[in-house]
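Right, one structure below, let's go through it.
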There are 2 protein chains.
Amino acid sequence: MSRQRLDPETITRMAMAVVDEGGLEALSLSAVAQRLGVGPSALYSHVDGLEGLHQLVAMGAMRNMVTEVRQAAIGVAGPGALESMGNAYRRFALEHPGQFRSTVAHPGPAGEGLAAAHDELLEVFALVYAGAGLDRTESAVAARQARSAIHGFVSLEACSGSTPDHDDHYSDLIALFSRALNRRRVR
Amino acid sequence: MSRQRLDPETITRMAMAVVDEGGLEALSLSAVAQRLGVGPSALYSHVDGLEGLHQLVAMGAMRNMVTEVRQAAIGVAGPGALESMGNAYRRFALEHPGQFRSTVAHPGPAGEGLAAAHDELLEVFALVYAGAGLDRTESAVAARQARSAIHGFVSLEACSGSTPDHDDHYSDLIALFSRALNRRRVR
DNA sequence: ACCTGAACACCGTTCAAGT
DNA sequence: ACCTGAACACCGTTCAAGT
């Protein structure tokens with residue numbers, strides 16, 4: 001026997017591949033272990049069971065999301081930035097439905113790390129508003145509202161079998177939150 | 001043996017009780033069968049396996065949601081109606097997190113019925129806008145946007161361990177979509 | 001027609017045993 | 001320290017058998 005070398009990062013990467021290919025419900029210790037050429041029980045040396053694996057996948061998904069949304073906002077001015085970020089948000093959900101769903105799954109006992117990741121994504125939105133002149137608390141409020149709307153639209157679209165004729169509605173919805181960028185007022 | 005009498009309605013009701021008490025991940029054929037005092041295999045005469053049970057729970061949850069949101073809008077004028085509906089939406093998600101999550105789970109092969117239930121909920125929102133003078137298509141667009149925002153906020157709050165100090169942010173978010181009721185214009 | 005009970009494959013988890 | 005392999009409890013599903 002060739003004594004496999006494992007670590008949490010490798011396991012998480014493999015788990016996310018499973019989720020990308022078979023959806024969130026395909027995630028299991030057995031499936032991941034099989035891809036690694038190892039017995040299921042071997043994973044317990046690095047991961048806190050199935051629940052721990054779910055948490056790692058959710059954290060990885062949030063990290064990917066933050067990366068893409070942040071990248072979409074680079075070098076784009078105010079209202080355009082929000083639309084670009086919204087498009088990146090939506091694209092991620094449609095291309096990686098399993099990862100997307102993992103970010104909003106059960107709260108879980110070790111959910112404080114996930115909550116921090118969500119706050120980090122919120123911070124990306126807040127930076128756009130802060131750049132437009134809104135103060136810290138105003139930016140936080142506007143960011144939460146814009147993110148909620150974007151998340152809700154994308155979430156319902158991903159669930160509803162993706163009828164991709166809602167492009168205009170999505171743009172209009174984002175435009176609604178771009179106004180706070182011009183007027184310096186949310187309400 | 002007393003020969004249990006089963007039907008899909010009873011099974012669904014029991015399944016939703018399981019989800020209400022133990023969360024969506026507690027739903028299993030075994031758990032439901034046990035509460036009914038019957039073997040797990042007995043359920044296959046009335047329900048299309050675990051996946052079918054999930055669908056029935058999701059449909060029942062949507063029915064409950066439509067009922068509560070519709071009831072919240074009765075006898076309330078324009079902007080107040082939207083806020084009342086938003087509060088009912090939020091309350092349902094916080095009181096029945098398992099049911100709420102079931103409505104937005106995996107698309108599934110038999111998801112056309114669920115999609116219809118979602119459209120029915122959307123119709124409740126559209127009626128408010130139609131009552132304010134918007135035409136059919138305008139109402140549909142406004143309803144979808146308002147619902148998206150409400151759903152996103154509530155969904156993220158329910159996931160994030162429910163820090164209940166976001167009441168003002170939620171009210172402001174809803175108020176943002178009430179303006180279409182006064183101005184007859186969404187953008 | 002509908003439920004039982006045995007049967008099977010599969011999964012998560014634990015643990016003694018090896019290296 | 002870390003992986004194996006056996007072991008256990010549990011679950012979804014099928015099916016022959018009873019009523």
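Quick note on labels: first sequence line is chain A, next is B, and so on, each numbered from 1.
Linking ILVMFWY residues whenever their side-chain heavy atoms come closer than 4.5 Å, directly or via other members, places B:M62 and B:F125 in the same cluster. Put simply, B:L156 and A:L176 are part of two different groups of oily side chains (I, L, V, M, F, W, Y) that touch within less than 4.5 Å, one to the next. Note on B:V104 and A:Y170: separate hydrophobic clusters, where clusters join Ile, Leu, Val, Met, Phe, Trp and Tyr whose side-chain heavy atoms are under 4.5 Å apart, directly or indirectly. Under the 4.5 Å side-chain heavy-atom criterion for ILVMFWY residues, no single connected hydrophobic cluster contains both A:L121 and A:L127.
The side chain of A:L29 has C:dG12 as its nearest neighbour among D:dG12, D:dC15, C:dG12. The A:R5 side chain lies nearest to D:dC2 when the options are D:dC2, D:dG5, C:dT4.
The stretch residues 42-54 of chain A comes close to DNA chain C through A:Y44, A:G49, A:L50, each having a heavy atom under 4.0 Å from the strand. Non-hydrogen atoms lying under 4.0 Å from DNA chain C are contributed by nothing in residues 11-22 of chain A.
One atom, CD of A:E25, and another, C1' of D:dC11, lie 17 Å apart when rounded to the nearest Å.
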List the atom pairs, donor and acceptor, that lie under 3.5 Å between side-chain atoms in residues 20-44 of chain A and the rest of the protein, sequence neighbours left out.
unit_1, atom_1, unit_2, atom_2, d
A:D20, OD1, A:H96, ND1, 3.1
A:D20, OD1, A:Q99, NE2, 3.1
A:D20, OD2, A:Q99, NE2, 3.0
A:E21, OE1, A:R35, NH2, 3.0
A:E21, OE2, A:R35, NH1, 3.3
A:E25, OE1, A:R101, NH1, 3.3
A:S28, OG, A:A31, N, 3.1

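The partner of D:dA7 is C:dT13, judged by Watson-Crick or G-U wobble contacts that both fall below 3.5 Å.
Annotation: side chain of A:H169 is in contact with side chain of A:H166 (closest heavy-atom distance under 4.5 Å).
At a cut-off of 3.5 angstrom, counting only N and O atoms as typed in the model, there is no donor on one side facing an acceptor on the other between the side-chain of A:S30 and the base of C:dG12. Not a single donor-acceptor contact under 3.5 angstrom links the side-chain atoms of A:S28 to the base of C:dG12.
Crowding of A:D119 atom CG: a count of heavy atoms from other residues, nucleotides or ligands under 6.0 Å exceeding 12.
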Residues B:D167, B:R90; criterion salt bridge (charged side-chain N to carboxylate O under 4.0 Å, His left out); working and verdict: CA-CA 10 Å; B:D167 287 17; B:R90 190 186 184 198; 3.2 Å; yes
